[in-house]
Structures are given as structure tokens and as C-alpha cells.
Amino acid sequence: MGRGRVQLKRIENKISRQVTFSKRRTGLLKKAHEISVLCDADVALIVFSTKGKLFEFSTDSCMESILERYERYTYAERQLVATDSHQVQGSWSLEYPKLVARIEVLQRNIRNLSGEEIDPLSLRELQYLEQQLDTALKRIRTRKNQLMHESISQLQKKEKALQEQNNMLSKKIKENEKVTRESGQWEEQTLAPTTSSFMLQPTLPLPSLTIGNTFQTRQVLGGAEQEERSQKLRMVLESIYDPEFPDTSHFRSGRGCHSALRRIKEEWGTSRWFLEFDIRKCFHTIDRHRLIPIFKEEIDDPKFFV
């Protein structure tokens, strides 16, 4: 198992810090001696402890000669840097007027291209200026045409993609309509035997209401005049009261047992019990004296109740 990496930070324990300083100082002096011997280099090492004690190492030559060499080297380097800075400053002082003149020329050219200060220009300068403007206009028109073609190409690609998407959606809609139509036919075929048990027997007499006369039960198979009158009454009453029925009411125009059973199949999948009630005979107990005032709230026509 390898040795863990030591985290470099100040050692808080004084004794441990002193021991570590002693070991590392000895190793540092040893490394300095090794590099001076192996590489034939002049090495000078100076270390001060926390208490101010000096530890030093130098090669065969004394420490003072190495420090003098260091001072001479750093002084020569500082002089070289100062000389370079003076030369750079002198070159910048010469370049500044040139740059100012160049900026003035460029600004004057910009004003000339804008149609300003063209009176002092000669015929040749005006011709050169006109040539520059023509070249610039050609480049601008070329770039503009290129951008317009790219934009038209992108719009055509988007149109093609939208057309393909529209075709796919139309295809899916047709497929969904076909599936819905087939499922509706299948449900009608499936529910046909079941709904027969809820349908009224054709042989039984159906009750009818004659408003304005006595409440009685008549046969549907009456005369043509009675049948026409019943249809008119039904149309009037349906147009008034059909919108007030809730969506769950199926015993009205356009609905019946088939729509009720279809809704039960679609929404009541968890139901286990159903109660069936026959309410046909309740029509015989309706009081006409209560029913006519209710109709008069919506129908303001005395002839309707004759």
C-alpha cells in the first residue's frame, strides 16, 4: 500500500514543526551538495529558521563571490530592460504623429465617400471616388442577392417540410376516422342483442298526452291527423326542453338504449351492478293541471293548449 500524499500546510504542533524543519533542512542541504557535485554547478543556499538562525551552503567557492556574481547579473539585466524601455518609448514617440496623420486621412476619405467636403477634390480624385462607390455598390448588391436567395431557399425547405407534415397528419386523420367508423359499426353489432331487451315491445300501447282535453291513453296507430298533431307537439316541446336535458339523459330525440349502453361501456368499466326500472306507466299518473302551467312558462301561445 503506497504512502498517502502529504497536505502542505503549517504544522501547528511546535515539536513536530521543529522535527520536520530539521529533517527537511538536512535533506535540502544534501540535495544542494549533490547537484553541485554531479552537475559541476555553483550553488548557494541560505535558510533562516523561525527563530532567526542561519543555515547556509555554498560550493568550493565562498558565498560572497557567488552573491557578487548574482548582483552583477541582476544589475546588467535591469540595465538591459531599462534600455529596451527607452527604445520602445522613442519608437512610440515617432509612430504617434504618423498614426495621427493616418487617422486624419481615413476620416477625410470617409467624409468624401459620404458626399461631404468634395469641393477641394480634383477631377482624377473624383473619378477614383466614383469608382470606389461603384465597386462598393456592386459588392453590396451581390451580397444582398445572395442573402435573398438563401432566404428563399430556406423558406422553400420549410414549405416542403410543412407540406409533408400536413400530408402525414391528413393520413393519420383518415386512418383514425376509418378506425372510429369500424369501431362504431362493431359496437352497434355487439350492442344490438343487448339493447333488444331494453326496447319497448311494439305490440304494447304507447301513452300520448292531449293538452287541453282530458288526460287519456290512446293508440299511436290513430288517424293521420292525430299523428301529425303529435309530431308537431313533439317538435315544439323538443326545441324548447331538449337543450335543458343533461348529457347523461338518453331517452330523448336522437338517443336511446344504444347510446346509454355505449356510454356505460366507455365510462363505467368498473361498475358491477346495474338496476333497471320500467317508467312507462308513470306517464298515466301525470296531473295535467300541474303540467300545463309548466308549459305556459315557456310557451306563450293560447292556441297550443286548445
Name all residues meeting the side chain to side chain donor-acceptor pair (under 3.5 Å) criterion together with E34; count only those two or more places apart in sequence or in a different chain, and write none if there are none. none
Do R10 and E12 come within less than 4.5 Å of each other through their side chains, counting heavy atoms only? yes
Residues that V47 engages under side chain to side chain contact (heavy atoms under 4.5 Å, CB included), provided they are two or more places apart: F21, L28, L45, F55
Of all pairs that satisfy salt bridge (charged side-chain N to carboxylate O under 4.0 Å, His left out), the ones with a partner from residues 116-139, not counting sequence neighbours: R111-E117
Looking at residues at least two apart in the chain, or sitting in another chain, which of them share a side chain to side chain contact (heavy atoms under 4.5 Å, CB included) with E68? R72
Q163/Q165 under side-chain contact (heavy atoms from CB on, under 4.5 Å): CA gap, chis, key distance, verdict: CA-CA 5 Å; Q163 187 66 30; Q165 187 177 4; over 6 Å; no
Donor-acceptor under 3.5 Å (S170 side chain, N166 main chain): yes
Minimum heavy-atom separation for T59 and A41, please, with both atom names. CG2-O, 3.3 Å
So CG of D40 and CD1 of I35: to nearest 0.5 Å the spacing works out to 11.5 Å
Under the 3.5 angstrom rule, does the side chain of T135 hit a backbone N or O of Q131 as a donor-acceptor pair? yes
Filter on side chain to side chain donor-acceptor pair (under 3.5 Å), then keep only pairs touching residues 98-110, sequence neighbours left out; what's left? none
Set of residues satisfying side chain to side chain contact (heavy atoms under 4.5 Å, CB included) with respect to E56, sequence neighbours excluded: L54, M63
Could you tell me which residues satisfy side chain to side chain contact (heavy atoms under 4.5 Å, CB included) with S16, sequence neighbours excluded, listed by chain and number? I11, N13
Checking Y128 now: which residues fulfil side chain to side chain donor-acceptor pair (under 3.5 Å) with it, not counting sequence neighbours? Q132
Check whether T20 reaches the backbone of R17 with its side chain - one donor and one acceptor, N or O, closer than 3.5 Å. no
Measuring from I152:CD1 to N145:CG, what's the distance to the nearest 0.5 Å? 9.5 Å
Selection residues 151-172 - residue pairs positive for salt bridge (charged side-chain N to carboxylate O under 4.0 Å, His left out), sequence neighbours left out: none
Heavy-atom side-chain contact between F48 and K53 under 4.5 Å: no
Side-chain touch E175/K178, heavy atoms, less than 4.5 angstrom: no
For L147, which fellow cluster members are found when Ile, Leu, Val, Met, Phe, Trp and Tyr are connected by side-chain heavy-atom distances below 4.5 angstrom, either directly or through intermediates? none
Members sharing L126's hydrophobic cluster (side chains within less than 4.5 Å): L113, I118, L121, L129, L133
